[in-house]
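A quick write-up on the structure given underneath.
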Amino acid sequence: MSHTLLQQDLNMHAADAALVELLAKNDSDVAELMAQEAVRQATTLELIASENHVSAPVMRAMGSWLTNKYAEGYPGKRYYGGCEFHDQIEDIARERAKQLFNCGYANVQPHSGANANVAAFMAMCAPGDTILSLPIKSGGHLSHGLKPNFSGTFYNIVDYDLDPESECLDYEAIAEKARQCQPKMIICGYSAYSRVIDFARFREIADEVGAVLMADIAHIAGLVAAGVHPSPFPHAHIVTTTTHKTLRGPRGGLVLCDDQDIATKVDRKVFPGSQGGPLMHIIAAKAIAFKEALDPSFKIYSQQVIDNAQALAASLVARGYRLCSGGTDNHLMLVDLQPRSASLTGADAELWLENAGIIVNKNGIPNDPRPPMVTSGLRLGTPALTSRGMGTKEMETVADLLDRVMLASGDAELTEKVRGEVATLCAAFPLPH
Ligand code: DSN
């Protein structure tokens with residue numbers, strides 16, 4: 001695939017096209033697959049709630065010469081020479097993260113959100129301690145206590161659950177569970193929960209039982225940074241996040257807090273506790289993304305993410321789908337497919353939609369009668385489509401496309417027709433760079 005084709009037809013950044021061209025000369029196998037992935041991203045509708053499209057500066061920093069350096073330790077206290085500029089970059093990233101989330105401390109080294117959670121668990125708990133969290137089947141995250149994960153292996157996990165009627169957090173029930181199990185730590189923050197989290201109420205519960213409150217804001221970090229979702233500060237003792245979802249930065253993690261003692265523990269548990277050398281190219285990209293998120297335009301983007309989610313949600317409800325919890329306050333929604341078609345599964349919908357150029361993930365709904373690899377639901381999110389410049393008008397079109405594909409049960413003619421409509425829509429909203 002030629003780089004001019006990628007640039008002209010896909011609006012690909014010249015540097016990305018040049019990379020493919022360079023690679024094509026010495027590794028055509030990988031170059032061809034990377035080019036195909038560029039085409040896939042440019043010509044499909046990305047509705048996975050945890051994905052986004054980064055800016056060209058963030059993209060470039062990730063693929064830069066900063067990857068060549070070992071910088072174990074922290075600014076001013078490294079185990080390697082030659083870290084002068086890396087110290088300054090990491091300091092900038094830390095300062096911008098603090099400013100963005102209005103807190104006193106940031107560790108920007110975690111390689112991922114799961115790694116940030118390893119450090120947070122190690123900083124706040126000892127192996128065997130009781131941790132109260134929402135299980136993955138109800139919208140939590142695997143690193144919050146799933147048995148095969150480190151969290152479920154080394155800690156005593158007690159579950160709380162959503163209210164079965166409202167499918168929302170039931171703070172009274174969580175408080176009662178906390179009184180019964182006397183946890184060392186309570187976790188709030190989720191992967192598939194579409195409602196506002198009352199961090200102040202969680203802190204009251206934690207205080208009543210003498211527990212630490214941990215907020216994992218991986219999904220909503222961008223909304224929090226933009227001020228369109230309440231902040232976990234000053235309520236949570238420790239906050240973890242990824243940097244690549246609504247925050248629209250490089251793939252990575254972050255730990256935040258206000259308390260100096262906790263900060264000292266977190267630094268030790270990230271390095272040397274659970275990681276070696278930091279990924280300095282990613283830390284530079286984080287710094288760049290944080291600056292973008294501090295710009296007033298990011299608030300406009302984040303509000304549009306929510307407006308788009310609400311528009312998509314309303315359009316789906318109008319077509320007979322049910323939204324878990326009845327709607328959305330953030331960037332995502334959990335769609336119960338059963339009211340539209342009793343035989344429709346999340347797995348079938350995911351496959352048929354992908355064939356039509358619409359990328360989603362199947363997701364269990366609360367008390368889903370079907371197994372996790374089948375499910376009765378889809379999780380849909382609007383951060384990536386909003387980054388392409390789509391608005392509420394396009395969400396009505398997207399709902400129509402989704403519905404037609406799902407009702408046609410994979411019909412080849414309909415799939416081909418929708419694929420064409422998706423391509424036209426994508427061409428009108430090229431990927432940002
Ligand atoms: N796997 C991510 C998600 O899709 O929500 C969470 O880490």
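We count ligands from 1, going down the list as the structure has it; atoms in each ligand are counted the same way.
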What closest approach, in Å, do H237 and C257 show between heavy atoms, and which atom pair accounts for it?
-> O-CB, 3.4 Å
The side-chain contact (heavy atoms from CB on, under 4.5 Å) partners of S50 (sequence neighbours excluded) come to I48, H219, K245, R379
Hey, is the main chain of M390 close enough, under 3.5 Å, to the side chain of N308 for a donor-acceptor pair?
-> yes
Let me have the donor-acceptor pairs involving side chains of residues 130-140, under 3.5 Å, with sequence neighbours excluded, atom names and distances please.
unit_1 : atom_1 : unit_2 : atom_2 : d
T130   : OG1    : N156   : ND2    : 2.8
S133   : OG     : H144   : O      : 2.7
K137   : NZ     : D161   : OD2    : 3.4
S138   : OG     : D161   : OD1    : 2.7

Using a 3.5 Å cut-off on N/O to N/O, what pairs does ligand 1 make with the protein? A line per pair would be great.
unit_1   : atom_1 : unit_2 : atom_2 : d
ligand 1 : 4 (O)  : S50    : OG     : 2.7
ligand 1 : 4 (O)  : R379   : NH2    : 2.8
ligand 1 : 5 (O)  : H219   : NE2    : 2.7
ligand 1 : 5 (O)  : R379   : NH1    : 2.8
ligand 1 : 7 (O)  : H141   : NE2    : 2.9

Side-chain contact test, heavy atoms from C-beta onward, threshold under 4.5 Å: evaluate it for L162 versus C168 and give yes or no.
-> no
Identify, with sequence neighbours excluded, every residue that meets side chain to side chain donor-acceptor pair (under 3.5 Å) alongside Y193.
-> none
